[in-house]
Amino acid sequence: MRPPRLVLAAGAALLLASGCPQTLDDDFELAPPGAGGSSGDASVDSGGSSGAGGSSGASGSSGASGSSGASGSSGASGSSGASGSSGDGGLDAGDADPCAACPADCCEGSCTSLASDPLNCGSCGRGCSGTVCVGGSCTNTCLAGFLDCDRNVLTGCERNAATDTENCGNCGIVCPFGASCVQGACACAPGTANCDGAPENGCEADLTTSATSCGACGAACATNQACAPTPTGSTPPGACACAAGYADCNGLPQDGCETDLSRPSTCGACTNDCGANATCTSGTCGCASDFLDCTAGAGCETPRTDAANCGSCGNTCSGTQAVCDGTSCTSSCGALTACGASCVDVLTSPVHCGACGTAVGENQACVGGMPSCLPGWGDCDATPGCETDTTTSAAHCGACGAACKPGASCSGSSCGCGGATPNDCGAECRACCTSADCSDGDACTTNTCDATGTCTFSSGCTSGVCCGAQAGCFECCSDADCTGGAVCSGNQCVTGGCTSPQLLCGAACVDPTMNPEHCGACDRSCGAGRSCSAGQCAPLWATVAAPPTGFAAREMAATAVVGTRLFVWGGSTGTSAVATGALYDAATNTWTTVAQGASSPSARVAAVAVYTGSVVVVWGGGDVGATGDFSTGGRYDPGTDSWQPMTAAGAPAGRRFAHVAWTGSRVFVWGGVDRSGAAVAGAHLYDPVADTWADAPSAGGPSALLDPSFAWGAAAAWVFGGKTNNEKNDLFTFSGGAWSSPSASGAAPSARSGAFGEWDGSAFFVWGGRKGGATFYADGKRCDPAAPAWQGVNSGGALSARWSAHGDSGWTARVGSGRVLVAGGRAQGATVFNDLAIYDVAAGTWSPATSWGAETHQFGAVGWVGGEFVLWSGRGATTGALTATGHRYRAW
């Protein structure tokens, strides 16, 4: 049964009259209090029902002290005024009026209703603070998906339940550390989960490598199994597979991969039985030392002492040398015992053990003239021979009669709880001992452990459905949950009814051909300072606003992407290092300064920064004079604009221009250079919750490298190429706490350093680079981890040959699934490029863009922020001077 719904006036949002809170799947831009409201409405500070935009003239019929607020019913930009259809900024003669077909009102070329549109309530551009617009006035009723968590009508409904990690789905629902809020659900990074339910350690389980939570919380791998990542984007993210040399031949999940493929009975495969008296070496059948295979059947049935096959098949003994000693025909047995025409040692012969004609039984050898069980086999019943495999038998594990407890399995002669019954409950192994063992990481479900030790999973919802891990039940999670042609928008079923070319975006119809917030498709915002025409944003390049007063131009600053904002901290003004910072919001083209405090890091250059979802971690770097490198840092909370200290205990040696990534639970730091420019080796992990450092294993990893290609994707760090004495083309990955060198099929890119590297959504993308000082490349490849395999990258239409010195003048960014942006870089000599292109993996095509201008922005602050490539400050290659200007590029 679905919760009841209330349908508002035409154009208004759909709200639930009861039930759980509803969330929007788009990110409403909230208007600040005071922007406009209903004549004296308590939800705003000032302003009447008609504000800055009236209906006809430069000044309204009601002036500064009119009855409708700061300006009267006719505002500064009416339909016939300064920006109207006939004014200075109006349409040119012959242009079609995009508003001509609108049945009611039109704002920025899009049809709307000023009576009910919360973004244009009463007049164009006047937004309600997350509240419903009725009759052209903002009300105190929250829009679907917005929450009034501070219980203050003056601030409106200030929280977006779809994206707020502190109020995800409802007020007070805080997402675990490291998780994000997506459509009102707390979501861990792909491949991770909060399996223990503890918010303080966040998404602690790696579902791609965890043997106890492989693919899903509580999904334990069985005996002789390991957890390995599945192909990127597939479900589940990890799957249990048999370890090398083992197989599941009986098809029973409770004992895992019980079969040892090195045994003659299952040599390399479940069905490959080598037969009697055989051996198995590397998956190939052979004969035991006392036997030959002289027939077409399986096994080695012929003793080497057989006079008709003496030492080798077909070698017959006769005449004066009629007996066989196992090697050659002879005239007498000497010290050996004559058993017919065979000369044997009755102390070791499996055919004549202790006496002529007494053969050993199944899985036995002759030791001292007595039949003895082979290792791993036992004579556990009255039948002749050693018929019981004590390495796998749960009733006879390691020895006859040594039974495993109920629910346990036997592997390698040792008892243990298996994949189907992973929990040791004392007297027996069960799927669960208590309900705590049944956690699936979903706070919305109620899971119990029954009397048989089996988990019972429940949706936990008495009405509606539960979406993901949020603590709430909702009307819908996807379109499949809706009926009657409705679609699921913000966890509520919404009836369409939009007229082409309009689309249903959230709970409103928009025209994607001209709406700058939904240009070409829903939620494709053009950003500040751009318009939308024919579904395309223009201009693609725009100027970054001037930074705050006193925030000087700089180079080699630490940068990190924080939602729609670029965090910039530290760096050098050309003569000295600084300890100041600011946040640039690409969505609004505005800056805000970052606070300084006792816990903020000291002034430095070439430090690294990464955003964890809660704090920005700044670490490393050095001084301007290259006399020292720093192993200290700090943690910045953008929500409170405050710094927290960061321990130096256990931190790695100081370095500059390190490679850094957020794994979902740890900050991963690898490589970099010291103050002399020498490469630094080693990987390290920082826990920002516990404030602790740990060294990552170095075995199997890369050596110290200059200018390697680096990216993080598929829960792994990827390192390619780079230079020591010479350029390399080795590939390394760090995943699951260990380094490996994938043996990828297909030719790897040629040896090079300074290649552009990025994760494109499904593969590690490598392009460009150089070898020596004169060879520069304009080609590349992608390594798909699912195979793994190297695949070609089309070079037609690509940028000119170049390389990317780490931290200098070349940058990459993933601008969407399967699309990689490559910008800047260097060629031979002093040439520094100022152009970019985007490679589309699916189409195999490059889309070049116009240059951003003459400035090269070496060592500038760069990031893919809020759907824009932002490039600010740095040093010009021609003038050598620092610049405080910047550019931002919208990729659609």
Side-chain angles (χ1 to χ4, degrees), residues 1-3 19-20 168-170 173 175-176 179 184-188 191-199 201-208 210-223 225 227 230 234-240 248 250-256 394 404-409 415-478 480-481 491:
M1 175 180 178
R2 302 190 187 284
C20 297
C168 189
N170 205 347
I173 297 179
C175 291
C186 293
C188 291
T192 65
N194 180 25
C195 289
D196 62 6
N201 63 355
C203 307
E204 83 292 340
D206 187 340
L207 303 183
T208 66
S210 173
T212 57
S213 295
C214 185
C217 292
C221 293
T223 305
Q225 288 185 332
C227 184
T230 56
S234 61
T235 301
C240 295
D248 180 14
N250 62 10
L252 299 177
Q254 58 266 32
D255 59 6
C404 298
K405 67 177 63 177
S409 60
C415 296
C417 295
T421 53
N423 294 286
D424 189 344
C425 302
E428 60 184 350
C429 293
R430 290 184 168 193
C432 59
C433 302
T434 66
S435 296
D437 297 325
C438 300
S439 172
D440 57 4
D442 191 341
C444 189
T445 61
T446 302
N447 309 317
T448 59
C449 181
D450 64 20
T452 66
T454 303
C455 289
T456 301
F457 296 96
S458 169
S459 67
C461 292
T462 56
S463 63
V465 291
C466 181
C467 306
Q470 72 237 62
C473 301
F474 300 83
E475 187 178 0
C476 61
C477 302
S478 64
D481 298 325
N491 298 123

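We're numbering straight along the sequence, starting at 1.
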Verify, without hydrogens or angle tests, whether R430 (side chain) and A451 (backbone) share a donor-acceptor contact under 3.5 angstrom. yes
Please check if the side chain of T192 supplies one atom and the backbone of A205 the other of a donor-acceptor pair under 3.5 Å. no
Please examine the side chains of P237 and L207, heavy atoms only from C-beta on, and report whether any two atoms are closer than 4.5 Å. yes
Got a second to check how far D437's CG is from C449's SG, nearest 0.5 Å? 6.5 Å
Sub-2.5 Å SG contact, C214 and C240: no
State, to 0.1 Å, how close P236 and T230 come at their nearest heavy-atom pair, and which atoms those are. O-OG1, 2.6 Å
Begin from the C-alpha positions of T454 and T456 and carry the test side chain to side chain contact (heavy atoms under 4.5 Å, CB included) through to its verdict. CA-CA 6 Å; T454 303; T456 301; 5.6 Å; no
Side-chain (T421) to main-chain (A431) donor-acceptor, under 3.5 angstrom: no
Is the backbone N or O of S210 less than 3.5 Å from a side-chain atom of D206, with the two atoms forming a donor-acceptor pair by type? no
Evaluate salt bridge (charged side-chain N to carboxylate O under 4.0 Å, His left out) for K405 paired with D424, printing each intermediate quantity in order. CA-CA 10 Å; K405 67 177 63 177; D424 189 344; 3.0 Å; yes
Write down the atom of A408, the atom of A394, and the distance for their closest heavy-atom approach. O-CB, 4.2 Å
Evaluate the side-chain proximity of T448 to D450: yes if any heavy-atom separation is below 4.5 Å, no if none is. no
Report yes or no: is the SG-SG distance between C433 and C425 under 2.5 Å? yes
Tell me yes or no: SG of C429 and SG of C417, less than 2.5 Å apart? yes
Report yes or no: is the SG-SG distance between C415 and C404 under 2.5 Å? yes
